[in-house]
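Any value given below was found using the heavy atoms of this structure, including those in side chains, with hydrogens, waters and symmetry copies removed. Residues take their numbers from the sequence shown, with the count starting at 1. Every value quoted in this text rests on a predicted model; they were computed, and no experiment measured them.
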Amino acid sequence: MSDSHSTSKLDDCRLITLDTNHHENGNLSVVENAGGFAFTVKRVYYIYDVPGGAERGGHSHYRCHRFIVAVSGSFDVVIDDGVERRTVTLNRSNIGLHVVPGVWIELNNFSSGSVCLSLASELYDADDYVRDYQKFLLLTKNKRQ
């Protein structure tokens, strides 16, 4: 597998404001594979009806980039590179967070009616996930030395 866990940093993750067409009858935000988006989108999924107090995520990836947007409501994304943890609140439907491979994420603090849209650079592959935080810490150990 890739060494993304040993090289990725929180500063590699960034908020991206989507191109938005403003109209008096509603706005339209656009994500296109062409035109400078950070990666080619191969998979799109969304999370909704999250019960109060529930958390999602709790994993990192070896290869998969993700772009996460609160298309409705709000939620927090906790990102962790093995050295530093940071919480990013997503609450605007035209601003998303690009999360690079090798960064652990947790999603929590979902508002009622929130919808989390995720665009992924890879098709689902169970072998691309690190779901155990202790294993994640082992993979990122060199960053703490």
Which residues share a salt bridge (charged side-chain N to carboxylate O under 4.0 Å, His left out) with R56, sequence neighbours left out
none
Mind running side-chain contact (heavy atoms from CB on, under 4.5 Å) on I68 and L117 for me, showing each step along the way?
CA-CA 6 Å; I68 303 167; L117 175 70; over 6 Å; no
Do V103 and L119 sit in the same hydrophobic cluster, where Ile, Leu, Val, Met, Phe, Trp and Tyr count as joined when their side-chain heavy atoms come under 4.5 Å apart?
no
Do the non-hydrogen side-chain atoms of C64 and P101 ever get within less than 4.5 Å of each other?
no
Check whether any side-chain heavy atom of F67 sits under 4.5 Å from a side-chain heavy atom of I16, and report yes or no.
yes
Decide yes or no for Y46 and V69: does some side-chain heavy atom of the first lie under 4.5 Å from some side-chain heavy atom of the second?
no
Between side-chain atoms of residues 87-98 and protein atoms elsewhere (two or more places apart, or another chain), which donor-acceptor pairs fall under 3.5 Å?
residue : atom : partner : partner atom : Å
T89     : OG1  : D76     : OD1          : 2.7
H98     : NE2  : H65     : ND1          : 2.8

Separation between OG of S114 and CG of D49, rounded to the nearest 0.5 Å
9.0 Å
Where is the tightest heavy-atom contact between R85 and E106, given as atom of each residue plus distance?
NH2-OE1, 3.0 Å
Between I47 and V115, is any pair of side-chain heavy atoms under 4.5 Å apart?
no
Answer yes or no: is there a side-chain heavy-atom contact under 4.5 Å between H5 and S60?
yes
Would you say S74's side chain and S111's backbone share a donor-acceptor pair under 3.5 angstrom?
no
Over 60° means perpendicular and under 30° means parallel, so tell me whether Y129 and Y124 are parallel, tilted or perpendicular.
tilted
Are more than 12 heavy atoms, taken from residues, nucleotides or ligands other than D132, located less than 6.0 Å from that residue's CG atom?
yes
One pair to check against salt bridge (charged side-chain N to carboxylate O under 4.0 Å, His left out): E122 and R66. What are the steps and the verdict?
CA-CA 9 Å; E122 306 297 324; R66 288 149 300 163; over 6 Å; no
Any pair with a residue in residues 20-30 that passes side chain to side chain donor-acceptor pair (under 3.5 Å), sequence neighbours left out, goes on the list, sorted by first then second residue, please.
T20-S29, H22-N27
Could you walk me through whether R43 and D125 satisfy the salt bridge (charged side-chain N to carboxylate O under 4.0 Å, His left out) test, starting with their C-alpha distance in whole Å, then the side-chain angles of each, then the deciding distance to 0.1 Å, before giving a yes or no?
CA-CA 11 Å; R43 182 171 178 242; D125 177 2; over 6 Å; no
Quick one: sort the Y133 and W104 rings into parallel, tilted or perpendicular, breaks at 30° and 60°.
perpendicular
Determine the minimum heavy-atom distance between L139 and Y62, stating which atoms define it.
CD1-OH, 3.8 Å
Would you call K143 and S8 a side-chain contact if the rule is heavy atoms closer than 4.5 Å?
yes
Provide the closest heavy-atom pair for L107 versus C116 in the form atom of the first, atom of the second, distance.
CD1-SG, 4.2 Å
For a quick test of reading the model, state the closest non-hydrogen atom pair linking H61 to S4 and the distance between them.
O-OG, 3.8 Å
Tell me whether Y45 is reachable from F75 by hopping between hydrophobic residues (I, L, V, M, F, W, Y) whose side-chain heavy atoms are closer than 4.5 Å.
no
For residues K9 and D81, report the shortest heavy-atom separation together with the two atoms involved.
CA-OD2, 3.4 Å
Non-hydrogen side-chain atoms of V77 and I79 separated by less than 4.5 Å
yes
Is it possible for you to say whether V78 and V99 belong to one hydrophobic cluster, with membership spreading through side-chain heavy-atom contacts below 4.5 Å?
no
Can you give me the closest heavy-atom contact between F136 and D80, atom names plus distance?
CZ-O, 3.3 Å
